[in-house]
2 protein chains.
Amino acid sequence: MPVDDVTVRRPTLTQVAALAGVSLKTASRALNQEPNVAPSTGRRVRDAADLLGYRLNGIARELRRGATSALVGLVSGDLTNPFYSAVASGIERELRQHGLLLITANNDEDAMLERSLVDAFLERRVRALLVIPSADDHEYLAIEGNRGVPFVFLDRPPDGLSADAVLIDNAGGARSAGEHLLGAGHRRIALVSDLVRMAPQRARIDGFVGAMRAAGNDAWEPFLRTGVHDVRQAERTVRDLLALDQPPTAVFTTNNRLTTGALRAMRELADPPALIGFDDFDLADVLGTTVVAHDMTALGREAARLAYERISGHSGPARTIVISTSIIARGSGERPPR
Amino acid sequence: MPVDDVTVRRPTLTQVAALAGVSLKTASRALNQEPNVAPSTGRRVRDAADLLGYRLNGIARELRRGATSALVGLVSGDLTNPFYSAVASGIERELRQHGLLLITANNDEDAMLERSLVDAFLERRVRALLVIPSADDHEYLAIEGNRGVPFVFLDRPPDGLSADAVLIDNAGGARSAGEHLLGAGHRRIALVSDLVRMAPQRARIDGFVGAMRAAGNDAWEPFLRTGVHDVRQAERTVRDLLALDQPPTAVFTTNNRLTTGALRAMRELADPPALIGFDDFDLADVLGTTVVAHDMTALGREAARLAYERISGHSGPARTIVISTSIIARGSGERPPR
DNA sequence: TTGAAAGCGCTAACAG
DNA sequence: CTGTTAGCGCTTTCAA
């Protein structure tokens, strides 16, 4: 029979105790494996619980124990992006080892939404909050940070407060991509990047520009494209670049979405330009795409580890972990200039 | 100053009320936008709350309101798989519109772990539970289903209890893949599939076999490979198939992981066999891979919708929604037999 | 080994 | 418009 009323009351510990003919506290002890319970009493209580279909009320327990849950929150961008989902997966695995659960929410790259999600998580009394922030200003989190809810920033450094962070060596990775292309003889190198309000994007641009400067090359400058935010835009941007009279001989894309767009733009070219993309992706090996790779799962794992240490009472100064990058040469980045 | 003690007590509503010089209930009313609060009182309370850095204790509220949270749980396989993350994303977006949050946990395809995760979620008093089950037997959930926690099964039908489900037209999709290859003139078609204990895999095999039977073709039989569970295995399996004296002229892979493996195996072939993969994927267009596509985000969205209806009190019999599939021809599935 | 009483922080019910 | 009282289901004293 389906249940009609929404408010089906579940059996409580009191009812279990009554059925077992013991006091509330004894029932509690028995079900929590606490010592000092006679075996026979324990059995009686467990039988009663089974009979009633009793299940512990975690909410009541948490309230009593100090209003703090076994939940850790993650606010990130679109989980559909494999970058975010790999990070989330790394976090979840690490947390689970400590009996913690992960709540996730997408900020849809909207600063207001992000704030309200952070609020919702804090109201749920999460033990820690992991954020891949879309907003620039994180000052509003400062009060919380000092009130016992540890924050860990992923992929983007905290701005306006001091907090633990796990970052990627964006500048270094982009620099080596630039050097890689220079080394293959390229000069006219296009840089296709996302919104510059995101710190990682700025760092990647800086790293790339640094490599160009160091080599005394300025032939890349006409081919700088920023603010390219989705696959379709990236495809069009690269198409346009390649249609120029003097097209670039190489392209560097600063994240996985942009790389996808570039690959689409180059799909039917007999003699495509060189390409390096920041972020590794699933079929890069099959496509022969050279990338700046980094361990996304490790990024999540390290962030979860930092959070767990704080939860466990660690109280040193804010720490920053930097995940290193490496170029994986698969062909596309090694094509010589035409 | 970093906080040293883990148990930093947050200010309570009582303290806010005291500071504002009003009663507990008035403070509660003011902060919850309830009617019947004088504007000046409201302001005083809000100021006091800001001053103390007060934040509502959602746990206490939930306990009082009936021990049911605004959380919906999702237990699924590896979030690293784009299939799961697309589904999760669809769920999360739909739930958010109703003010519900999503808790996720990976079962790592382990039935025991899945059970304990389900337990953990139920103890947290989730409002609904969405499951992409790895286990076969879901009978242990039956009691819960009748106790007010709605279940929705995704991608795999419930076994041993009656519950809402959102499925993919696995048999239909696989059948049309088979027909597509037959139509291109293939007879020796390899079927590479995952663990047959997963219902969707069985359905896909059945659909494919049905197409073969209907066409009176049995030349595929030597090329049936089941139990192939990861990318590496898939790659080796396809390599082995193609190394046979009489190799298959076409390959059908029954999920995205297996398709990836097949693509790796075929990477360097001058004259690869035809290929159709179940599940669309990100760069399939660039690679020219023909797939059986379906809307994974919609799968999640529909599941969340069903759950929300139950949460809102709907109590009809269990419903099943089937997400349709379609072949997207991109070249690999249209290659003729050699 | 067991039990009684108190109270976590909040909201619902009912007065004023 | 505001306050008082009670109690959600559990764990934590403290006492038996």
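Remember, predicted model here, so these are calculated numbers, not experimental data.
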[N] [atom2] sits how many Å from [X] [atom1], rounded?
{"X": "A:Asn57", "N": "D:dG7", "atom1": "CG", "atom2": "P", "result": "18 Å"}
{"X": "B:Arg43", "N": "D:dC1", "atom1": "CZ", "atom2": "P", "result": "17 Å"}
{"X": "A:Leu52", "N": "D:dG9", "atom1": "CG", "atom2": "P", "result": "14 Å"}
{"X": "A:Ile59", "N": "D:dC10", "atom1": "CD1", "atom2": "P", "result": "11 Å"}

Closest nucleotide of DNA chain D for B:Val22 versus for A:Thr12: which of these residues is on the 5' side?
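Of the two residues, B:Val22 wins.
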Which residues pass the salt bridge (charged side-chain N to carboxylate O under 4.0 Å, His left out) test with B:Asp155, not counting sequence neighbours?
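Residues passing salt bridge (charged side-chain N to carboxylate O under 4.0 Å, His left out) with B:Asp155: none at all.
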Taking only residues two or more places apart in sequence or in another chain, which ones pass salt bridge (charged side-chain N to carboxylate O under 4.0 Å, His left out) with A:Arg96?
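Partners of A:Arg96 under the salt bridge (charged side-chain N to carboxylate O under 4.0 Å, His left out) test: A:Glu92, B:Asp108.
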Can you tell me if [X] touches the phosphate of [N], counting only side-chain N or O atoms and a distance under 4.0 Å to OP1 or OP2?
{"X": "A:Ser23", "N": "C:dA4", "result": "no"}
{"X": "A:Asn36", "N": "C:dT1", "result": "yes"}
{"X": "A:Thr41", "N": "C:dT2", "result": "yes"}

Going by ring pair (Phe, Tyr, Trp, His ring centres under 6.0 Å), name the residues that satisfy it together with A:Phe121, two or more places apart in sequence or in a different chain.
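With sequence neighbours excluded, A:Phe121 shows a ring pair (Phe, Tyr, Trp, His ring centres under 6.0 Å) to no residue whatsoever.
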State which residues pass ring pair (Phe, Tyr, Trp, His ring centres under 6.0 Å) with A:Phe153; sequence neighbours excluded, sorted by chain then number.
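By the ring pair (Phe, Tyr, Trp, His ring centres under 6.0 Å) rule, A:Phe153 matches A:His138.
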Mind listing the closest non-hydrogen atom pair of B:Ala86 and B:Met296 along with its distance?
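Between these two residues, the closest heavy atoms are CB-CB, 3.8 Å.
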Would you tabulate the side-chain donor-acceptor contacts of residues 34-44 of chain A under 3.5 Å, counting partners in other chains and residues two or more places apart, or write 'none'?
unit_1  : atom_1 : unit_2  : atom_2 : d
A:Arg44 : NH1    : A:Ala20 : O      : 2.6

Residues that A:Ala27 engages under side chain to side chain contact (heavy atoms under 4.5 Å, CB included), provided they are two or more places apart
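Here the qualifying residues are A:Leu13, A:Ala17, A:Val22, A:Val45.
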How many angstroms lie between atom CD1 of B:Ile321 and atom CG of B:Asp164, to the nearest 0.5 angstrom?
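One gets 8.0 Å once the value is rounded to the nearest 0.5 Å.
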Please tabulate, one pair per line, all N/O donor-acceptor pairs under 3.5 Å involving side-chain atoms of residues 297-307 of chain B, not counting sequence neighbours.
unit_1   : atom_1 : unit_2   : atom_2 : d
B:Glu302 : OE1    : B:Arg305 : NE     : 3.2
B:Glu302 : OE1    : B:Arg305 : NH2    : 2.6
B:Arg305 : NH1    : B:Glu309 : OE2    : 2.8

Looking at five pairs on each end of the helix from C:dT1-D:dA16 to C:dG16-D:dC1, what is the angle between the two axes, given to 10 degrees?
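Answer for the end axes of this duplex: 30°.
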Selected nucleotide, minimal atom distance to B:Leu63 side chain, candidates D:dC10, D:dC8, D:dG3:
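Of the candidates, D:dC8 comes closest.
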How does protein contact run along nucleotides 11-16 of chain C, one letter per nucleotide 5' to 3', with B for base contact, S for sugar-phosphate only, - for none, heavy atoms under 4.0 Å?
BBB---
